[in-house]
Amino acid sequence: MRNLTVTTREEPPTPPSPSPQLEESPSGSKHRAWPETEKERKELLKWTFKNARFTMRNVIIQSLLCASLTFGIWIAVFSIYLHYNHVKKQEKTQEKGNPLIWSLGEKLRSKADSVHIPRAYNVRVQRAREDEPAEPKSSLRLGEKFNYSIPELIHGYSTYGFNHIISKNLGHYRSVPDTRNVMCRKKTYPARLPTASIIICFHNEEFSALFRTLSSVMALTPQYILEEIILVDDMSDFDDLKEKLNYHLEIFRGKIKLIRNKKREGLIRARMTGASHASGDVLVFLDSHCEVNKVWLEPLLNAIAKDPKMVVCPLIDVIDYMTLEYQPSPIVRGAFNWHLEFKWDHVLSYEIEGPEGPTTPIRSPAMAGGIFAISRNYFNEIGQYDKGMNLWGGENLELSLRIWMCGGQLYVIPCSRVGHINRQHMTNDSEIMKVVEYNSLRLAHIWLDEYKEEFFLRRPALKSAAYGNISERVELRKRLGCKSFQWYLDTIFPELEASETIS
């Protein structure tokens with residue numbers, strides 16, 4: 001037979017035997033007679049104390065149970081309240097914008113330059129897409145009588161690569177149209193997200209464009225996820241980027257770190273300098289002529305919180321270099337050709353036909369490189385940037401290949417939007433071209449394996465060109481256990497075919 005263990009609840013102590021007898025008092029009431037012997041009196045006292053202790057223990061246990069139940073109910077109600085409050089705050093922010101915008105706008109207007117610049121644009125109202133609600137969207141257009149030949153415009157265009165007259169007229173902050181899909185506007189994000197360090201490097205940037213970048217980040221980023229903004233001045237020459245910039249940055253005191261390089265390092269090494277000073281969970285790299293849109297950072301941080309090895313980019317809206325009109329971008333992904341030149345590629349329709357529709361993250365073979373977010377720990381783990389590269393150019397493709405081939409993922413997040421000025425320079429700088437060629441050679445020799453011959457078929461003059469010492473990066477690839485470029489072609493970017501016509 002099986003041995004059965006029966007658990008019974010604790011019973012109160014049994015009264016002493018024999019029990020004291022009841023006696024009748026002269027008034028007729030009955031009471032328990034006090035024991036006559038010393039032994040009986042001791043047993044009665046002992047029983048009385050045990051019974052009192054038993055009763056007290058039961059009272060304490062019941063009180064603790066009631067208190068625990070009450071505390072649990074209170075915690076549940078409080079959690080529901082916090083979640084509801086967070087959701088409502090997000091909805092309010094999406095509808096009305098961050099309240100910081102208004103106070104920031106007043107501060108910026110109070111510090112605006114006293115020089116009046118005539119308005120060179122008109123305002124129009126347009127709809128971005130048919131699937132989005134009508135919304136007034138201020139877009140900048142040059143006036144019909146604007147003189148394109150004035151010396152100031154030509155000088156600014158050749159210096160900055162865009163219309164600096166309109167940029168100055170726009171001031172230090174403007175409200176840009178919300179270009180997100182209507183489904184993105186309904187999405188909410190967790191209250192607990194990683195913190196972000198925003199890294200912005202600049203060299204001789206136009207002052208108003210740089211300050212609009214900073215102002216838009218401060219105005220449209222929740223402060224609890226914004227760890228800091230790290231500004232890296234890569235040895236700028238212009239006077240307004242020195243004392244004037246220091247003065248204007250006072251309104252952001254406590255959130256901005258300004259690092260000034262003592263010699264020109266180039267974008268690649270300047271970003272590494274910024275990353276070395278960061279303390280946030282996630283590094284977000286921005287160009288110095290951007291304007292972020294509503295709820296731009298939360299989608300990026302949420303994706304990285306789910307997978308720390310996922311590197312994410314926003315959809316990059318276009319800010320026209322001549323009119324500074326903010327224009328919505330279609331859903332695209334990054335790619336490149338055998339010349340190792342970056343290009344934008346259309347997204348296949350089946351990739352956005354799932355339940356998430358146009359809010360679905362898009363797998364991207366490459367990134368433009370100017371704007372992306374990456375876990376700080378993962379950035380260090382996979383080797384940061386190739387510090388053997390110079391200035392800028394090619395580093396975006398090198399990092400893209402390293403992410404995919406070494407176990408990471410690269411995605412475009414359509415619900416995150418950031419506007420970017422596509423600068424156009426009048427002069428063809430041969431020095432910059434040589435730097436890009438040098439960087440591309442390093443990329444080809446480290447990552448393309450036998451497919452580097454496809455690159456040299458199109459750039460035969462570079463086959464014998466110098467590219468520096470790559471032994472450290474080759475060793476990094478071995479240490480990370482990276483896959484072959486053949487795997488990358490088969491799995492990530494089959495559209496890049498070796499049989500592509502040589503041009």
*Asks:* Could you check if a side-chain atom of K255 sits within less than 4.5 angstrom of a side-chain atom of I229, using non-hydrogen atoms only?
*Replies:*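 Not touching, per the 4.5 Å side-chain cut-off.
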*Asks:* Tell me, do P358 and I331 make a side-chain contact under 4.5 Å, heavy atoms counted?
*Replies:*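 Yes, close enough: below the 4.5 Å cut-off.
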*Asks:* So which atom in R269 and which in K387 form the shortest heavy-atom distance, rounded to 0.1 Å?
*Replies:*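 Looking at all heavy atoms of both residues, the closest pair is NH1-O, 3.0 Å.
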*Asks:* If the condition is side chain to side chain donor-acceptor pair (under 3.5 Å), which residues does E228 pass it with, not counting sequence neighbours?
*Replies:*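 If we apply the side chain to side chain donor-acceptor pair (under 3.5 Å) test to E228, skipping adjacent residues, the hits are S197, K257, S279.
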*Asks:* Under the ring-ring contact (aromatic ring centres under 6.0 Å, His included) rule, collect the residues that match up with F336, sequence neighbours excluded.
*Replies:*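 Scan of F336 (ring-ring contact (aromatic ring centres under 6.0 Å, His included), adjacent residues dropped) gives F493.
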*Asks:* Less than 4.5 Å apart, side chain to side chain, heavy atoms only: is that true for F238 and T159?
*Replies:*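 In contact.
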*Asks:* Got more than 12 heavy atoms from elsewhere within 6.0 Å of NZ, K242?
*Replies:*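 Counting neighbours around NZ of K242, more than 12 heavy atoms of other residues, nucleotides or ligands fall under 6.0 Å, so yes.
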*Asks:* So L391 and R264, side-chain contact (heavy atoms from CB on, under 4.5 Å) or not? Walk me through it.
*Replies:* CA-CA 9 Å; L391 293 179; R264 181 78 191 278; 4.1 Å; yes
*Asks:* Can you check whether I446 reaches D386 side chain to side chain, under 4.5 Å on heavy atoms?
*Replies:*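 With C-beta onward as the side chain, the pair touches.
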*Asks:* Quick one: list whatever passes side chain to side chain donor-acceptor pair (under 3.5 Å) with R477, sequence neighbours left out.
*Replies:*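 With neighbours one apart ignored, the set is D449.
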*Asks:* By the side-chain hydrogen bond (donor to acceptor under 3.5 Å, both in side chains) test, which pairs, at least two apart or in different chains, include something from residues 358-371?
*Replies:*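 Listed by first then second residue: nothing to list.
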*Asks:* Could you go step by step and tell me if Y451 and Y488 meet the ring pair (Phe, Tyr, Trp, His ring centres under 6.0 Å) rule?
*Replies:* CA-CA 11 Å; Y451 284 94; Y488 175 83; over 10 Å; no
*Asks:* Could you pull out all residues at least two apart from F202 that satisfy ring-ring contact (aromatic ring centres under 6.0 Å, His included)?
*Replies:*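 With neighbours one apart ignored, the set is empty.
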*Asks:* So L214 and I200, do their side chains get closer than 4.5 Å, heavy atoms only?
*Replies:*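 When only atoms from C-beta onward are counted, L214 and I200 do touch, with a gap below 4.5 Å.
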*Asks:* If you measure only the distance, is there a donor-acceptor pair under 3.5 Å linking the side chains of H289 and E205?
*Replies:*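 Yes - a donor-acceptor pair under 3.5 Å links their side chains.
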*Asks:* Please state whether the rings of H172 and H248 are parallel, tilted or perpendicular, taking 30° and 60° as the class boundaries.
*Replies:*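 If you compare the ring of H172 with that of H248, the planes turn out perpendicular.
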*Asks:* With a 4.5 Å limit on heavy-atom distance, are the side chains of S216 and R212 in contact?
*Replies:*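 They are not in contact (no side-chain heavy atoms under 4.5 Å apart), so the answer is no.
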*Asks:* Could you walk me through whether L476 and R402 pass the side-chain contact (heavy atoms from CB on, under 4.5 Å) test, one step at a time?
*Replies:* CA-CA 10 Å; L476 172 69; R402 182 154 33 102; 4.1 Å; yes
*Asks:* Tabulate below the donor-acceptor pairs under 3.5 Å that side-chain atoms of residues 302-310 make, not counting sequence neighbours, or state none.
*Replies:*
residue: D307; atom: OD1; partner: K309; partner atom: N; Å: 3.0
residue: D307; atom: OD2; partner: Q409; partner atom: NE2; Å: 2.8

*Asks:* Are E495 and R333 ion-paired here, with the side-chain N under 4.0 Å from a carboxylate O?
*Replies:*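 Salt bridge present between E495 and R333.
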*Asks:* What residue pairs, at least two apart or across chains, pass side-chain hydrogen bond (donor to acceptor under 3.5 Å, both in side chains) with a residue in residues 370-385?
*Replies:*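 Those involving residues 370-385 are R271-Y385, N380-Q384.
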*Asks:* Disulfide (SG to SG under 2.5 Å) with C415: which residues, sequence neighbours excluded?
*Replies:*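 Once residues adjacent in sequence are excluded, the partners of C415 under the disulfide (SG to SG under 2.5 Å) criterion are C184.
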*Asks:* Considering residues at least two apart in sequence or located in another chain, which fulfil the ring-ring contact (aromatic ring centres under 6.0 Å, His included) criterion with W487?
*Replies:*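 Listed in chain order: nothing, the list is empty.
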*Asks:* For T195 and G280, which heavy atoms make the closest approach, and how far apart are they?
*Replies:*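 Closest pair (atom of T195, atom of G280, distance): OG1-CA, 3.6 Å.
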*Asks:* Name all pairs fulfilling the disulfide bond (SG atoms under 2.5 Å apart) condition that reach into residues 277-349, sequence neighbours left out, sorted by first residue then second.
*Replies:*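 Non-adjacent pairs meeting disulfide bond (SG atoms under 2.5 Å apart): zero.
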*Asks:* Assess the pair F379 and F372: is the distance between their ring centroids shorter than 6.0 Å?
*Replies:*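 No, they do not, as the ring centres are separated by 6.0 Å or more.
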*Asks:* Would you say the side-chain atoms of D317 and S329 include a donor-acceptor pair closer than 3.5 Å?
*Replies:*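 Distance-only check fails for D317 and S329.
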*Asks:* Parallel, tilted or perpendicular: which fits the ring planes of W344 and F342, with parallel below 30° and perpendicular above 60°?
*Replies:*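 Aromatic pair W344/F342 classed perpendicular.
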*Asks:* Is any side-chain heavy atom of Y189 closer than 4.5 Å to one of V295?
*Replies:*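 Counting from C-beta outward, V295 and Y189 do come under 4.5 Å.
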*Asks:* Identify, with sequence neighbours excluded, every residue that meets ring-ring contact (aromatic ring centres under 6.0 Å, His included) alongside H445.
*Replies:*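 Counting only residues at least two positions away or on another chain, H445 forms a ring-ring contact (aromatic ring centres under 6.0 Å, His included) with F456, Y467.
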*Asks:* If the condition is side chain to side chain donor-acceptor pair (under 3.5 Å), which residues does W447 pass it with, not counting sequence neighbours?
*Replies:*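 Checked W447 against side chain to side chain donor-acceptor pair (under 3.5 Å); matches are E398.
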*Asks:* Report yes if the side chains of V332 and V412 come closer than 4.5 Å at any heavy-atom pair, otherwise no.
*Replies:*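 Result no, sub-4.5 Å side-chain heavy-atom pair not found.
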